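These values consider heavy atoms only, across backbone and side chains, with no hydrogens, waters or symmetry-generated copies. Here is the naming used below: chain letters follow the sequence lines, and residue numbers restart at 1 for every chain. What you see is a predicted model, and the numbers here were worked out from it, not measured in a lab.
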Number of protein chains: 2
Amino acid sequence: MPGQRSITEAEKLAAAKLGGIPIRREQMAVVANIYRAASAVRQHLENSVLRGSDLTWTAFVVLWVIWIWGESETRHVAEEAGISKGTLTGVSRTLEARGLVRRAGHPTDGRLVLLSLTEEGEQLMRRVFPQFNEEEAFVAGQLSDEECRSVADGLRRVVLQVEEHGEERRLALLDGAEPAPRRSGRRPKA
Amino acid sequence: MPGQRSITEAEKLAAAKLGGIPIRREQMAVVANIYRAASAVRQHLENSVLRGSDLTWTAFVVLWVIWIWGESETRHVAEEAGISKGTLTGVSRTLEARGLVRRAGHPTDGRLVLLSLTEEGEQLMRRVFPQFNEEEAFVAGQLSDEECRSVADGLRRVVLQVEEHGEERRLALLDGAEPAPRRSGRRPKA
DNA sequence: TTCGTACAATTTGGTGCCGAACGATATCGT
DNA sequence: ACGATATCGTTCGGCACCAAATTGTACGAA
């Protein structure tokens, strides 16, 4: 994890490198710390409670979504879990092979697949989630309940900003230019 | 990205599933939103400024660290960038192949490798970082400067909590038991 | 009926990324 | 000197993960 040589020092150095071009310091700090915190939290949870049950972060999130919302269509699960449909196909099949998840076709629409927890999956979540939540409490241990609410609210506003205006913003930035291909992944046919 | 069916509803459902076992709601919300925000921000930045320069998030972070701190030993870069040493080996070699990074042996300690930016790498950062920072400002657009500081401070406390007490906490949780192997990755020899 | 279009999940190609094992170098104790 | 030990960076095995291509199902229009 980050050595935290202090972000404000980094800002000064960045400013120097740019020869006076102004930097949005607060916004830079918030983004940097969002990412640091996410890595730290994920790593802590994986290495404490999740590994004990042989679950990756993503696998746990998927189980959690199905647990909470009940039997759901895969595209909804993928969106809620924040992963692509393709990734979910693999993860859900792994979980099915381990007997934690059931995959069933939709009764009337043959295109859909419904995911639900098996009894074993339910038991797992009843056992693991309290431990998970306990560690969530640990990582947030330096924040009061009120501070947690405040931070969570600020982050929610960031998520909403990207969800509501991100696409439009990206289009404006490109301004007609082709979207620039991704380096990795399957190459476009054309 | 997440459909945000509302976290408070999720809490109620989770509470119901646990039959009255109490949940640390605020802490749960803060962790969930840290992760949602991190994904949203990363995705937005990758799909706007980074793809235009054919950089992944990780590659950019690595370049940024070297740019800010100057020629550095790889283990420091890895820690600061929040990735493992093994990952850095691959990333830095890719960047070297693209002419953005130089890799040099340490003059007196033969085990070390020093990373620095080439002139081309410097130019790239002078060009890309302002765009990057502009998008950082965009994603934080719904927060005032003061709110940014407050959120960043809260997140910093989370990071510090994990850095300072995470290891000890994990050991206490295991309480003597073997650390439980990871599902993926190379198998232990024993 | 039979297209064509829309939309579902899956397959595929390729990088990201972690952590155990490994090989090379440095350092300390004797 | 010289082996034991620590500490680099690298290699390697394997899942995560995205986005394009593909395959399969549904459904309205001709």
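In plain terms, the two heavy atoms of A:E119 and A:R126 that are nearest each other are OE2-NH2, 3.3 Å. In terms of heavy-atom proximity, B:L115 sits nearest to B:V101 at CD2-CG1, 4.2 Å. Heavy-atom minimum distance, B:C148 versus B:L143: SG-CB, 3.9 Å.
Considering only side-chain atoms of B:L112, the nucleotide from D:dC8, D:dC15, D:dC17 that sits closest is D:dC8. Set against D:dT11, C:dG19, D:dA16, the side chain of A:Q43 has C:dG19 as its closest nucleotide. Comparing atom distances between the A:I83 side chain and each of D:dC17, C:dA9, D:dA19 picks out D:dC17 as nearest. With D:dG24, D:dT10, C:dA26 as the candidates, the nucleotide lying closest to the side chain of A:R111 is D:dG24. Nearest nucleotide to the A:V91 side chain, out of C:dA9, D:dA16, C:dG16: D:dA16. Among the nucleotides C:dA20, C:dC18, D:dA16, the one closest to the side chain of A:R51 is C:dA20. When distances are taken from the side chain of A:D109 to each of D:dT10, D:dC18, D:dA26, the shortest belongs to D:dA26. Comparing D:dC8, D:dT11, C:dT11 by their nearest atom to the side chain of B:T74 picks out D:dC8. Of the candidates C:dT11, C:dG19, D:dC18, the closest approach to any side-chain atom of A:R93 belongs to C:dT11.
Taking only side-chain nitrogens and oxygens, A:T87 comes nearer than 4.0 Å to OP1 or OP2 of D:dC18. Between D:dG9 and B:T89, no contact under 4.0 Å exists linking OP1 or OP2 to a side-chain N or O. Between A:N47 and C:dC18 there is no side-chain N or O to OP1 or OP2 distance below 4.0 Å.
B:S92 comes within 4.0 angstrom of nothing in the nucleic acid, heavy atoms only. Residue-level contact check: B:G86 touches the bases, meaning some heavy atom is under 4.0 Å from a base atom.
B:W57 has its CH2 atom 16 Å from the C1' atom of D:dC17, to the nearest Å. What separates CG of A:L50 from P of D:dC15 is a distance of 17 Å, to the nearest Å. Between B:L55 atom CG and C:dT15 atom P there is a gap of 15 Å when expressed in whole angstrom units. One atom, NE2 of A:H106, and another, P of D:dC27, lie 11 Å apart when rounded to the nearest Å. In this entry the distance linking CG of A:L88 with C1' of D:dA19 reads 15 Å, nearest Å. Distance A:E79 CD to D:dA19 C1': 17 Å, rounded to the nearest Å. B:F60 places its CZ atom 22 Å from the P atom of C:dT15, with the value rounded to the nearest Å. One interatomic measurement links the two molecules: CG of A:L115 to C1' of C:dA8, which rounds to 13 Å at whole-angstrom precision.
Neither side chain, A:S48 nor B:R169, offers a donor N or O lying under 3.5 Å from an acceptor on the other.
Taking the six-membered ring where the residue is Trp, the centroids of B:H165 and A:F138 are separated by 6.0 Å or more.
Residues A:K85 and A:E79 are not paired through a salt bridge, judged by the lack of any N-O separation under 4.0 Å between the basic side chain and the carboxylate.
Along DNA chain D, the nucleotide nearest to A:T108 and the one nearest to A:R42 differ in position, and the one closer to the 5' end is contacted by A:R42. Comparing B:G90 and B:K85 along DNA chain C, the residue whose closest nucleotide (by nearest heavy atom) sits nearer the 5' end is B:G90.
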